[in-house]
Amino acid sequence: MAHIVVLGAGLGGVPMALEARKELRSSDRITVVSDYPTFHFTPSNPWVAVDWRKPEKIKVELEPMLKKKGIDFIHAAATKVRPDANAIDLANGETLEYDYLVIATGPELAFDEIEGLGPHGGFTQSICHVDHAAASNDVWQDFVKDPGPIVVGAVQGASCFGPAYEFAMILETDLRRRKIRDKVPMTFVTSEPYIGHLGLDGVGDTKGLLESEMRNRHIKWITSARVTKVEDGMMHVEEVAEDGSVKKTHELPFKYSMMLPAFRGIAAVRDVEGLVNPRGFVVIDEHQRNPKYPNVFSVGVCVAIPPVAAYPVPVGVPKTGFMIESMVVATARNLRADLDGKPANNVATWNAVCLADFGDGGVAFVAMPQIPPRNVNWSADGGWVHLAKAGFESYFLGKIRGGVGEPFYEKAVFDMLGIHKVKKES
């Protein structure tokens, strides 16, 4: 019997535990550790922030769901991962030992890297966590009673740009529905070198599609932007030229702002030599395992991925939902291979299938693989994207509530479309 610990219970951790339960031996023990008692569907956070969803509708209580699947759950934060000792120190005073560890913590939000950024002591809102989104909704409800300028976007070093575009468009849609759009100047501020870059050098015609959406909705934008400081009601931004010099400075007044921060690894792993890179993201090989500690795997946003190119303003690479699921499936199968004394030969495809909702439309894209060059590079827009996103939310939450990783019919549909999560080495 082996003890497998999954650290984290988000979009990577919960599917990881469920897939491991399906793939591993019945005698193997699986434990999930999380500082939060519920799973929440992060892609719905923009809807929570404008009261289109209630937080409880996108949450699933972890302990009863996992218990039904024979998976243990510990509600406690990890304070230190000690891979040399195969142990994790927990905030409740316990030390948890493991045979295999899968790190799926997601990121720490680096609001503190920019003065005045963030909801805790800063002046901008966040949609990175359901609690942030719920608090942002309270601010939004006050804002619509006395509207003014809005600034939305993603700061330097950010690696998750899709939600920023989604939220800007959702805010704009909500304002139009309230008949107060004419009272709200909007500016989109992003570290991307161009609109629609998404940290991926674009997918299909995301540049053209998203620029068109911005123009049609009268949202101004600033690209290659470096936020230097945020004050109450004022954002200070440098627009950077290709040679790294400051092209122009902007002082942007706002009455409401949401800026996605840069990410870094959580404190429990951030200074473990050989496990993480300088930003604290977990270093992995093609089989999702750490080269120095081969019994440590990692999936999701906490994985180290180099940027697609060097830019004058740092731009990270997103880890999208389908890409994370491909990491999960490959990891579960490689764990089983290791337990059986066989070489790991499952490689995640890192394909991306994304739906960006704009409230009354949206943009969908497929990138195979996510990082260029690609075999498939497609994007499209339309009202169907909003409906598809709502349908996917319902489907995914249903899977989690039922304790199901990848149903056979889901795999069959994607196989039929030629979109695979895993490939095997010869």
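- For the residue pair Ser44 / Glu393, a side-chain donor-acceptor distance below 3.5 Å is found, with atom types taken as modelled.
- In this structure, the side chain to side chain donor-acceptor pair (under 3.5 Å) partners of Asp271, at least two apart in sequence or on a different chain, are Lys80.
- With sequence neighbours excluded, the residues satisfying side chain to side chain contact (heavy atoms under 4.5 Å, CB included) with Thr79 are Asp89, Ala91.
- From Asn290, atom CG reaches atom CD1 of Ile284 across 9.5 Å, with rounding to the nearest 0.5 Å.
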Could you list the donor-acceptor pairs under 3.5 angstrom formed by side chains in residues 304-312, with sequence neighbours left out?
residue, atom, partner, partner atom, Å
Tyr311, OH, His197, NE2, 2.7

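- Within 6.0 Å of CD in Glu97 there are 12 or fewer heavy atoms belonging to other residues, nucleotides or ligands.
- A donor-acceptor pair shorter than 3.5 Å can be found between the side chains of Ser136 and Tyr256.
- Within the structure, the salt bridge (charged side-chain N to carboxylate O under 4.0 Å, His left out) test picks out the following pairs touching residues 258-268 (sequence neighbours left out): Glu108-Arg264, Asp112-Arg264, Glu113-Arg264.
- Partners of Lys59 according to the side chain to side chain contact (heavy atoms under 4.5 Å, CB included) rule, which considers only residues two or more places apart in sequence or in another chain, are Tyr36, Thr38, His40, Pro55, Val130, Asp131.
- With sequence neighbours excluded, the residues satisfying side chain to side chain donor-acceptor pair (under 3.5 Å) with Thr320 are Gln370.
- Under 3.5 Å, the side chains of Asn86 and Asn295 contain a donor-acceptor pair of N or O atoms.
- Listed by chain and number, the residues in a side chain to side chain donor-acceptor pair (under 3.5 Å) with Ser26 amount to none (sequence neighbours excluded).
- Residue pairs meeting the side chain to side chain donor-acceptor pair (under 3.5 Å) criterion with at least one partner in residues 150-161, sequence neighbours excluded, are absent.
- Centroid-to-centroid, the aromatic rings of Phe188 and Tyr165 come within less than 6.0 Å.
- Taking a 6.0 Å sphere around NZ of Lys248, one finds it holds 12 or fewer heavy atoms contributed by other residues, nucleotides or ligands.
- With sequence neighbours excluded, no residue satisfies salt bridge (charged side-chain N to carboxylate O under 4.0 Å, His left out) with Lys57.
- With sequence neighbours left out, Lys22 forms a side chain to side chain contact (heavy atoms under 4.5 Å, CB included) with Glu19, Glu406.
- The shortest distance between side-chain heavy atoms of Met65 and Leu18 falls below 4.5 Å.
- Taking CE from Met258 and CD1 from Ile170, the interatomic distance works out to 10.0 Å, rounded to the nearest 0.5 Å.
- Residues meeting the side chain to side chain donor-acceptor pair (under 3.5 Å) test with His75, sequence neighbours left out: none.
- Residue pairs meeting the side chain to side chain donor-acceptor pair (under 3.5 Å) criterion with at least one member in residues 64-73, sequence neighbours excluded: Arg29-Asp72.
- Both tests hold for Lys319 against Phe281: distance to the six-membered ring centre under 6.0 Å, angle to the ring axis within 45°.
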